[in-house]
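See below for the structure under consideration.
Proteins get letters first, then strands, A, B, ... in listed order; numbering begins at 1 in each.
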Amino acid sequence: MSHIRTRFAPSPTGHLHIGGVRTALYNWLLSRKNKGKFILRIEDTDLERSTEESVRAILDGMKWLGLLWDEGPEIGGPFGPYKQSERLMIYQSFIDQLLKENKAYKCYCSQDEINKKKVKAKKAKIPYQYDRTCRHLTPPELEKRKKDSFTIRLKMDWDEEIIFNDLVRGEVKFHTSQFDDFIIVKSDGYPVYNFAVVIDDVTMKIDHVIRGDDHISNTPRQILIYKALGLSLPEFAHLPMILGEDKSRLSKRHGATSVQQFREMGYLPDALINYLARLGWSYDDSQEIFSREELVHKFSLEKVSKNSAVFNFDKLNWLNNYYIQHLPLQEKVRLCLPFLIKSKLLTEKQADQNQDVLEKIIDLLGPRIILLSDIIHLGDFFFKNRVEFTKEALDRIILKFNCSSLYAQILQSLPSIISWTKEEIIKTFEELSNRMDIKKKDFFQTIRVALTGSLTSPDLIGIMLILGKEKTISRFQQAINAIDKNNLRPKNPTG
RNA sequence: GGCUCCAUCGUCUAAUGGUUUAGGACGCCGGGUUCUCAGUCCGGUAAUAGGGGUUCGACUCCCCUUGGAGCUGCCA
C-alpha cells in the first residue's frame with residue numbers, strides 16, 4: 001500500500017455537501033498517510049444539473065478546508081482532463097471496444113416504452129428488468145433505425161456470484177441474476193455514472209475507491225464493467241452515511257449542509273475537519289482532539305465504523321469553541337474581523353487603526369465565542385456609540401432599582417481614579433459597593449446594564465479597562481439620561 | 001416488492017469470547033470558582049433492539065424477528 005492513489009469525485013449539481021467533505025477527507029487522509037496522491041475529479045455528466053458555479057463552490061470549499069488535491073481542476077496532472085465532460089473521447093474508445101467485442105449493444109427503445117414496461121412490471125409485482133428487445137434486432141431492423149437516437153447497454157451474460165472485499169465491511173456478495181442489460185451510455189452520448197466512474201478510475205490509476213455506502217449497490221455493476229473490459233479491480237471501501245437528527249439522510253431541513261454555510265456561520269476548518277474525522281472513525285477510547293498531522297498519522301480504514309452516524313451540532317460547537325480558544329490571539333482577531341466588518345460594527349480602516357483595542361476585546365470575549373460570528377452579538381456594545389437596554393435588563397434592573405441615583409454616585413467617584421488600572425478600578429468599585437444599600441451582585445448588574453445594556457457580559461473591570469475612563473463615564477451619564485428621559489424608574493418607590 | 005448494508009448511553013464511539021459493577025467524549029443534571037453569562041475544575045445521569053442457538057463463558061460467533069438505511073434511473 002505504498003503509492004496509493006485515492007480520489008474524491010463530486011458532481012457539481014449543488015453546493016459542497018458536508019457528507020461529501022467527509023468522504024473527501026478520508027480519501028485525503030489515506031493518501032497523505034501513505035504518501036500517495038489525492039485526485040479531485042468533477043463528475044459533470046449530468047448536463048441538466050451540472051453548473052460552473054457549483055464547480056467553483058466545490059473547489060473553494062476544498063481549499064478553505066485545506067483538502068488540497070495533487071491532481072485535478074486548476075492544476076491538471078498526468079491523467080487529465082479531470083472533468084468528465086472533457087473526457088468523452090476516452091470513454092468512446094472503451095465503448096467501441098465493448099461494441100466490437102459484442103459485449104454491449106445499441107438500444108433504440110424510447111423512454112416512454114421503457115416506462116410502460118416498468119409500470120407493467122410493478123403491477124404484476126415482478127422486479128423490472130429490461131426485456132432485451134434491442135439485443136435481438138435483425139440487421140434490416142437495425143438498418144431501419146439507424147438514424148434514431150439510442151442508448152448503449154451492457155450485455156449481462158453472467159450467472160455467478162459477484163464477491164468483493166470491502167475494506168470497511170468485509171465480504172459483500174451479489175448475484176448477477178439481479179442485473180439486467182443496464183445502460184452505460186445515455187442517448188445524449190454521455191456515459192452513465194457507473195460506466196464513467198470505472199473508466200475514470202482505471203485511466204487515472206485509482207487503486208483505492210473510497211466513497212459513501214450509497215454506492216455499495218453500484219459496486220457489482222461496476223465490477224461487471226471492469227470484467228467486460230478485462231480490467232483489474234481496485235480496492236473498495238464504503239463509508240457509512242451521515243444522518244440528520246431524525247436519522248434520515250442529512251439534508252437542508254436538518255440545518256446547514258453546505259461547507260459555504262458552515263464557513264459563513266463561523267466554523268473553523270480545523271474544527272470541522274476534526275469533527276468529521278471523528279464522525280465514523282475513532283482512534284482509541286479517549287482522544288477527541290486531533291491535529292491534522294495526527295489525523296494523517298493515525299487514520300486507518302480498519303477503524304472506520306460500519307454504521308451510519310447522526311450529525312450533531314452540539315459536539316461540533318464544542319470543538320469549534322475549543323479550537324477558537326486555542327488560537328493565537330492575533331489569529332483570532334484576523335478571523336473575527338470579517339464578521340465585524342460585515343455586520344458594520346466597524347470599518348476596515350477603523351480595524352487597522354485600533355488593532356490593539358481589537359485584540360483586547362477579542363481576548364476578553366474569547367471563551368464565549370462558539371462561532372466566529374458570535375463576536376457580533378457578544379461584542380457589539382464595544383463598538384456602538386450608545387447602548388440600548390434589553391427588555392430583560394429593563395425589567396430586572398432598570399425598573400427594579402433606583403439606577404439613576406446609583407449611577408450618579410458612581411459618577412462622583414470615578415474622577416478620583418487617577419490611573420485607570422485594574423487595581424484602582426476594583427478598589428473604587430468595591431468601596432462603592434460596600435457603601436451602598438444594595439447587594440453586591442445587584443450592584444454589579446446595574447453597572448453591567450449601564451455599560452453594555454445587557455444582563456450578560458464579560459468581566460466588568462475588563463470592559464471598563466478597554467472602554468477607558470472617558471467612555472465609561474459617558475456610558476453612566478448616557479444611562480442616566482435615558483432613564484430620566486423615558487422616566488424609567490421602579491414602579492414601587494418604597495422598593 | 002427484490003437485492004444489499006447496518007444495529008452499544010439522547011448523540012459520536014471504546015471494549016475484536018473471559019482483564020467489565022460495559023469505558024471515554026458531547027449533551028443534560030448537580031457542585032466549586034465568580035459581579036452576570038461563558039470558560040474552567042469536580043461529581044452524577046444514561047446503552048449492548050428482541051428471541052433462539054454455539055460455548056465452561058458472549059456486546060463480541062451463527063440463525064430468526066424487528067427496526068433503520070441504500071440501490072432497484074438515459075442522477076451521481
Side-chain angles (χ1 to χ4, degrees), chain A residues 9-13 43-46 48-50 84 107 109-111 114-115 118 121-122 125-129 149-153 166 169 172-175 177-180 182-194 196-197 211-221 238 240-241 243 245 247-249 275 278-289 302-303 305-319 321-322 325 365-370 374 378 397 429 433 439-449 452 454-461:
Chain A
S11 67
T13 53
E43 306 215 326
D44 58 349
T45 50
D46 184 346
E48 307 265 307
R49 300 194 301 146
S50 297
Q84 289 186 328
C107 172
C109 294
S110 72
Q111 199 122 209
I114 300 287
N115 285 341
K118 282 185 184 170
K122 192 160 190 180
K125 288 190 174 163
I126 48 169
Y128 167 81
Q129 290 208 337
S149 74
F150 59 86
T151 59
I152 295 175
R153 290 181 184 270
D166 191 291
R169 2 191 128 234
V172 182
K173 281 188 214 169
F174 290 83
H175 198 273
S177 60
Q178 295 158 55
F179 307 117
D180 63 354
F182 61 87
I183 292 173
I184 54 175
V185 179
K186 304 185 240 179
S187 55
D188 63 7
Y190 274 65
V192 136
Y193 165 76
N194 277 324
V197 82
R211 71 237 295 198
D213 76 7
D214 46 338
H215 287 293
I216 209 160
S217 313
N218 285 322
T219 309
R221 267 176 260 269
H238 289 95
M241 309 246 80
L243 274 25
E245 295 285 354
K247 307 230 173 183
S248 69
R249 203 173 177 153
Y275 178 70
R278 274 287 288 106
L279 192 65
W281 169 83
S282 65
Y283 178 68
D284 58 21
D285 67 346
S286 61
Q287 190 172 357
E288 296 289 340
I289 308 292
E302 294 74 58
K303 299 288 282 179
S305 85
K306 292 188 181 75
N307 42 331
S308 43
V310 173
F311 193 93
N312 183 249
F313 278 92
D314 283 330
K315 187 142 184 189
L316 208 212
N317 288 342
W318 170 75
L319 273 167
N321 176 261
Y322 177 91
Q325 286 200 61
L365 259 19
R368 259 156 278 249
I369 305 173
I370 291 172
D374 287 339
L378 289 174
I397 300 296
F429 279 88
S433 171
K439 276 190 278 187
K440 188 175 175 185
K441 210 172 190 169
D442 294 329
F443 174 64
F444 279 99
Q445 277 302 69
T446 61
I447 297 170
R448 174 162 287 110
V449 170
T452 71
S454 164
L455 249 29
T456 62
S457 84
D459 173 66
L460 287 171
I461 311 300

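Looking at heavy-atom distances under 4.0 Å, A/S305 makes contact with sugar-phosphate atoms alone, never a base. A/L455 comes within 4.0 angstrom of a nucleotide base, judged by non-hydrogen atoms across all strands. Within 4.0 Å of A/P240, counting heavy atoms only, lies no atom of the nucleic acid at all. Contact annotation for A/S248: no contact, since no heavy-atom pair falls under 4.0 Å across all strands. Here A/Q325 lies in heavy-atom contact (under 4.0 Å) with sugar-phosphate atoms only. Among the protein residues, A/G212 comes within range of no part of the nucleic acid, since none of its heavy atoms lies under 4.0 Å from any strand. At the heavy-atom level, A/R49 lies under 4.0 Å from base atoms of the strands shown. Nucleic acid contact for A/T456: base, since at least one base atom lies under 4.0 Å from a heavy atom of the residue. Using a 4.0 Å heavy-atom criterion, one finds that A/K303 contacts the sugar-phosphate atoms exclusively.
Searching all strands for a Watson-Crick or G-U wobble partner of B/rC3 with both distances below 3.5 Å returns B/rG70. In a base pair of the Watson-Crick type (N1 to N3 plus N6-O4 or O6-N4) or a G-U wobble (N1-O2 and O6-N3), with each distance short of 3.5 Å, B/rC75 is matched with no nucleotide. The base-pairing partner of B/rU54, taking Watson-Crick or G-U wobble contacts with both distances under 3.5 Å, does not exist among the strands shown. With a 3.5 Å ceiling on both atom-pair distances, B/rU36 lacks any Watson-Crick or G-U wobble partner. Pairing of B/rC26, defined by two Watson-Crick or G-U wobble distances under 3.5 Å, is identified with B/rG10.
Dashed line: the shortest gap from a side-chain N or O of A/K118 to OP1 or OP2 of B/rC74 is under 4.0 Å. Here A/K122 does not reach the OP1 or OP2 of B/rG2: none of its side-chain N or O atoms lies under 4.0 Å away. For A/S457 and B/rC37, the shortest distance from a side-chain N or O to OP1 or OP2 is not below 4.0 Å.
In this view, A/K439 satisfies the salt bridge (charged side-chain N to carboxylate O under 4.0 Å, His left out) rule with no residue, not counting sequence neighbours. Partners of A/F182 by ring-ring contact (aromatic ring centres under 6.0 Å, His included), not counting sequence neighbours: none found. Evaluation of the salt bridge (charged side-chain N to carboxylate O under 4.0 Å, His left out) rule for A/D180 yields no partner, not counting sequence neighbours.
A salt bridge between A/R49 and A/D44 is absent, with no side-chain N of the basic residue lying under 4.0 Å from a carboxylate O of the acidic one.
Checking B/rG1, B/rC74, B/rA15 against every side-chain atom of A/K186, the shortest atom distance belongs to B/rC74. When each of B/rA14, B/rA69, B/rA76 is scored by its nearest atom to the side-chain atoms of A/S282, the top-ranked nucleotide is B/rA14. Closest to the side chain of A/P127, out of B/rG1, B/rA76, B/rC74, is B/rG1.
A straight line from OH of A/Y193 to C1' of B/rG70 spans 13 Å, rounded to a whole angstrom. The separation between A/N194 atom CG and B/rU72 atom C1' is 12 Å, rounded to whole Å. Following rounding to the nearest Å, A/H238 (NE2) and B/rG70 (P) show an atom-to-atom distance of 15 Å. As a whole-Å value, the separation of A/N218 CG from B/rC3 P is 18 Å. Atom CG of A/D166 is separated from atom C1' of B/rG70 by 14 Å (rounded to the nearest Å). Distance CG (A/D180) to C1' (B/rG73): 11 Å, rounded to an integer number of Å. The distance from atom CG of A/D214 to atom P of B/rG73 is 16 Å, rounded to the nearest whole Å. If you take CD of A/E245 and C1' of B/rG68, they are 16 Å apart, rounded to a whole angstrom.
Put simply, the side chain of A/T151 and the base of B/rC74 share no donor and acceptor less than 3.5 Å apart.
Summarising the geometry of A/K186 relative to A/T151, their closest heavy-atom pair is C-CG2, 4.2 Å, with the distance given to 0.1 Å. Contact between A/N307 and A/P240 at its shortest, heavy atoms only, is O-CB, 3.3 Å.
The OG atom of A/S457 lies 10.0 Å from the CG atom of A/L378; values are rounded to the nearest 0.5 Å.
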For nucleotides 4-6 of chain B, give me every protein contact, N/O to N/O, under 3.5 Å, one pair per line with atom names.
unit_1, atom_1, unit_2, atom_2, d
B/rC5, O2', A/R169, NH1, 2.5

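The main-chain N or O of A/F443 is found under 3.5 Å from a side-chain atom of A/T446 such that the two form a donor-acceptor pair. Remark: the backbone N or O of A/F429 is not paired with any side-chain donor or acceptor of A/S433 at under 3.5 angstrom.
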TODO: Scan nucleotides 22-30 of chain B nucleotide by nucleotide, 5' to 3', and note B when protein non-hydrogen atoms come under 4.0 Å of the base, S if they reach only the sugar-phosphate, - if neither.
DONE: -BBBSS---
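Rounded to the nearest Å, the gap between the C1' atom of B/rG23 and that of B/rU34 is 34 Å. B/rA47 and B/rA22 have their P atoms separated by 11 Å, with the value rounded to a whole Å. Between B/rC74 and B/rA69, the two P atoms lie 24 Å apart (nearest whole Å). Straight-line distance between the P atoms of B/rA46 and B/rG10: roughly 10 Å, to the nearest whole Å. With C1' as the reference atom, B/rU60 and B/rG53 are 15 Å apart, rounded to whole Å. Taking atom C1' in both B/rC63 and B/rC71, one finds a spacing of 26 Å when rounded to whole Å.
Both A/V310 and A/P458 lie near RNA chain B, and the one whose nearest nucleotide falls closer to the 5' end is A/V310.
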Open item on the list: For a side-chain contact (heavy atoms from CB on, under 4.5 Å) check, start with the C-alpha distance between A/F311 and A/L279, then their side-chain angles and the critical distance, and finish with the verdict.
Closed with: CA-CA 8 Å; A/F311 193 93; A/L279 192 65; 4.0 Å; yes
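Applying the salt bridge (Lys or Arg N to Asp or Glu O under 4.0 Å) test to every pair with at least one member in residues 306-317 of chain A, sequence neighbours left out, gives these pairs: A/E288-A/K315.
The aromatic rings of A/F174 and A/F179 sit tilted, their planes meeting at an angle between 30° and 60°. Ring geometry for A/W281 against A/Y283 counts as tilted: the plane angle lies between 30° and 60°, on a 0 to 90° scale.
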